[in-house]
Amino acid sequence: MNPQDTGTAENRLRMLARQHIDGRQWGAAQAVLESLARQLPHDAAVMVELADVLFRRGRLREASAQMLRVAARLPRNGPLIVGVAKRLIAFGEVPAARSCLDLLARAPAPPPELLVAQAHLRFGLGEIAAAKTLIEKALAAGADAPGELHLYAMLLQFSGDIDRASTVLEGCLERWPQFGDAVMALVNLRRQRPESHPLGHVQAQLRRLPADDPDPAARFVRAEFEYAQFKILDDLQRYAEAWPALARCNAIMHELNPYDADAEAAVTDALMSMPTPDDRSQATSASAFEGPTPIFIVGMPRSGTTLLDRMLSRHSQIASAGEIIDFWRQLHWVTDVAPAGSRELLEVIRRSADIDYAGLGARYLRQTQWRAQGRTYYIDKLPANFRMVAFIRRALPQAPILHMVRDPIDTCFSNFKAMFGNVSPYSYDLPALAHYHGQYARLTRHWHARLPHAMLDVPYAALVRDPGNTLRGVLEHCGLALEEGCLQPELNTSPVATPSSGQVREAIHTRSLDQWKNYAAQLQPLRQALDEFPGQAQPS
């Protein structure tokens, strides 16, 4: 065959595959791409597209295997390697993704956009120091966009360099006065004080931003500035002015991110309907392992999980992996369900009886033990893992699960005033908050009833009022002795990438108890709604 004819045939197949992908005809696209891959077995771009289509079809394991084949023979193509690493992370193959990024790190004189892409991926893996180094190189090489500077400020904040982060964000707002991400980050860096705060700038921009802009992106920016106004006024104890700003912010966010109560209840019902072998029998359901042991911290967001993480990771034998979603990734992998939303989680639960739990535990450990940094234990602190308790106990029976418990109204108000962005839709509406907390309470009570030894409750109030005795009990549960350094989390120099990263660099305090009382009248509907859900989790 004439080489030109071969090239023309390949081009036709590429065009046909693109047409099927654009038309969301995934089966047809897969067939064409498989034909093309047989003709071009070393074409990494074709294999990546095929993996994307397989993932779209819900065939996670095949997509993962496809990307591992690509990773085994990467071309010298920086953007393609970034794309491979990104997909490997999404498919639950984190060590392979890190190997891709390590290869990229050896590239001579990479362009700034490639450094920025690597910084985002390292940040997503929780490698704050590496991400910070990469973004600094990118800025030195000429990167200068708002998002790049915002990422740099966040990495400075997470590393504890609050003053430099503040300087970067203030510079952003001088150049881009309506940069909502920057104003949000700036007011969250520290407690705002009467002698120094950006309220004037925030209110000036709110007067310029259209109140009824139909564009979702513009509405999001307005919500960010309303949040910033609330945060400043709340810090200044001007509560009567602060609440309307928070209400306006959350009304916008609730509109942009509606809460699906039926889906949340369906997931809770399905989890509670799973067969749960008694806790004593679970030790035989997964093989023993050698190496660092994970410690899971679960609970409602804003319940004190970060504080417990910072205290425990001051221990000489414990490292913090931060908020990682690796258990979810591996659970989806072993059930071969591409992660997306509640519908996919329901399918995972439906397939739970067929899970190889020993295999699940082994995969999780292979993907995460690098995070232990040479220590005996490492913390997996993802609050939403309260849903995963039964899965964790069967896959990793040796792993302690610590459940942070905080007063419901304090927890819900802390969520309501957090502004998580376009995630956590439950947090922007008081009835939604009460409903979500109700599902959480139902499920954790169920775990305690069906798996009475599965997790240890750690009351937030006890942790801040009597940290020594409370943490001693937590460490004994994990098989460790208390070290005095654990009672000084403010001296923990490791990065922390959570919304409360500024607060946890302070000494242990009780100021967060009963903060809701500053808005008692406005929160009365929330208190009533919480009371309507029976069995709300109460602090121990």
Side-chain angles (χ1 to χ4, degrees), residues 264-289 293-301 303-305 308 312 325-328 330-332 334-335 345-346 348-365 377 379-406 408 411 436-460 473-479 533-540:
E264 292 291 343
V267 168
T268 303
D269 290 342
L271 287 166
M272 292 174 65
S273 298
M274 285 173 53
T276 51
D278 73 84
D279 197 45
R280 291 182 298 277
S281 71
Q282 290 176 5
T284 63
S285 65
S287 58
F289 65 89
T293 300
I295 297 172
F296 291 87
I297 299 179
V298 307
M300 275 286 291
S303 62
T305 56
L308 181 59
L312 289 176
I325 60 173
D326 293 67
F327 193 86
W328 290 70
Q330 303 317 319
L331 179 61
H332 278 273
V334 298
T335 53
L345 182 54
L346 287 169
V348 167
I349 297 166
R350 190 184 69 78
R351 300 183 187 186
S352 62
D354 299 322
I355 290 175
D356 171 8
Y357 282 97
L360 170 58
R363 271 195 64 88
Y364 171 86
L365 294 169
Y377 294 85
I379 298 168
D380 181 329
K381 185 199 84 74
L382 187 69
N385 273 340
F386 72 81
R387 286 177 161 178
M388 297 288 104
V389 167
F391 296 105
I392 294 169
R393 291 302 294 161
R394 295 191 68 180
L396 298 161
Q398 304 94 331
I401 304 175
L402 308 176
H403 172 219
M404 284 301 302
V405 182
R406 188 180 180 189
T411 304
Y436 184 82
H437 191 280
Q439 304 312 304
Y440 150 77
R442 272 209 307 144
L443 186 56
T444 52
R445 284 169 60 88
H446 172 77
W447 296 145
H448 277 308
R450 294 295 299 274
L451 302 169
H453 307 289
M455 58 186 183
L456 175 71
D457 282 356
V458 183
Y460 174 75
V474 170
L475 285 164
E476 287 176 357
H477 179 77
C478 299
F533 284 94
Q536 292 283 9
Q538 297 294 333
S540 302

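Not measured: the values here are computed from a predicted model.
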Task: Residues in side chain to side chain donor-acceptor pair (under 3.5 Å) contact with His477, at least two apart in sequence or another chain - done: none

TODO: Identify the heavy atoms of His453 and Arg393 that sit nearest to each other, and give their distance.
DONE: O-NH2, 4.2 Å

Task: Arg394 CZ to Met274 CE distance, which is reported to the nearest 0.5 Å - done: 7.5 Å

Open item on the list: When you compare the side chain of Leu271 with that of Phe391, does any pair of heavy atoms fall below 4.5 Å?
Closed with: yes

TODO: Quick one: closest heavy-atom pair of Trp447 and Arg387, and the distance?
DONE: CZ2-O, 3.7 Å

Task: Nearest non-hydrogen partners of Ala449 and Pro452, listed with the distance - done: O-CD, 4.1 Å

Open item on the list: Using a 3.5 Å distance criterion without hydrogens, assess whether the side chain of Tyr377 forms a donor-acceptor pair with backbone atoms of Cys478.
Closed with: yes

Open item on the list: Once you measure the plane-to-plane angle for Tyr440 and His437, does it fall in the parallel (<30°), tilted (30-60°) or perpendicular (>60°) bin?
Closed with: perpendicular

Task: side-chain contact (heavy atoms from CB on, under 4.5 Å) partner of Phe296, chosen from Leu382, Leu402, Ile392, Val389 - done: Ile392

Open item on the list: With a 4.5 Å cut-off on side-chain heavy atoms, are Pro400 and Thr293 touching?
Closed with: yes

- [ ] With side chain to side chain contact (heavy atoms under 4.5 Å, CB included) as the test, would you mind laying out the steps for Met455 and Thr444 before giving the verdict?
- [x] CA-CA 9 Å; Met455 58 186 183; Thr444 52; 4.0 Å; yes

Open item on the list: I'd like to know if the side chain of Arg363 and the backbone of Gln330 have a donor-acceptor N/O pair within less than 3.5 Å.
Closed with: no

TODO: Indicate the atoms forming the closest heavy-atom contact of Thr335 with Leu331, along with that distance.
DONE: OG1-O, 2.8 Å

Open item on the list: Side chains of Asp269 and Arg442, heavy atoms from C-beta outward: is any pair under 4.5 Å?
Closed with: yes

- [ ] Find the distance between CG (Asp380) and CD1 (Ile401) and round it off to the nearest 0.5 Å.
- [x] 10.0 Å

Task: Minimum heavy-atom distance between Phe386 and Gly299, given as atom pair plus value - done: CD2-O, 3.6 Å

TODO: May I ask you to test the Ile297-Ile379 pair for a side-chain heavy-atom distance under 4.5 Å?
DONE: yes

- [ ] To the nearest 0.5 Å, tell me how far Leu346 CG sits from Arg351 CZ.
- [x] 12.0 Å

- [ ] Report the distance from atom CG of Leu360 to atom NE2 of His332, rounding to the nearest 0.5 Å.
- [x] 11.5 Å

Task: Minimum heavy-atom distance Val334-Ile355, with the two atoms named - done: CG2-CG2, 4.1 Å

Open item on the list: When you measure from the side chain of Ser352 to the backbone of Val348, do you find a donor-acceptor pair of N or O atoms at a distance under 3.5 Å?
Closed with: no

Task: N/O donor-acceptor pair under 3.5 Å between Trp328 side chain and Met388 backbone - done: no

Task: Close side-chain approach of Phe327 to Pro294, heavy-atom, < 4.5 Å - done: no

Open item on the list: With a 4.5 Å cut-off on side-chain heavy atoms, are Pro383 and Lys381 touching?
Closed with: yes

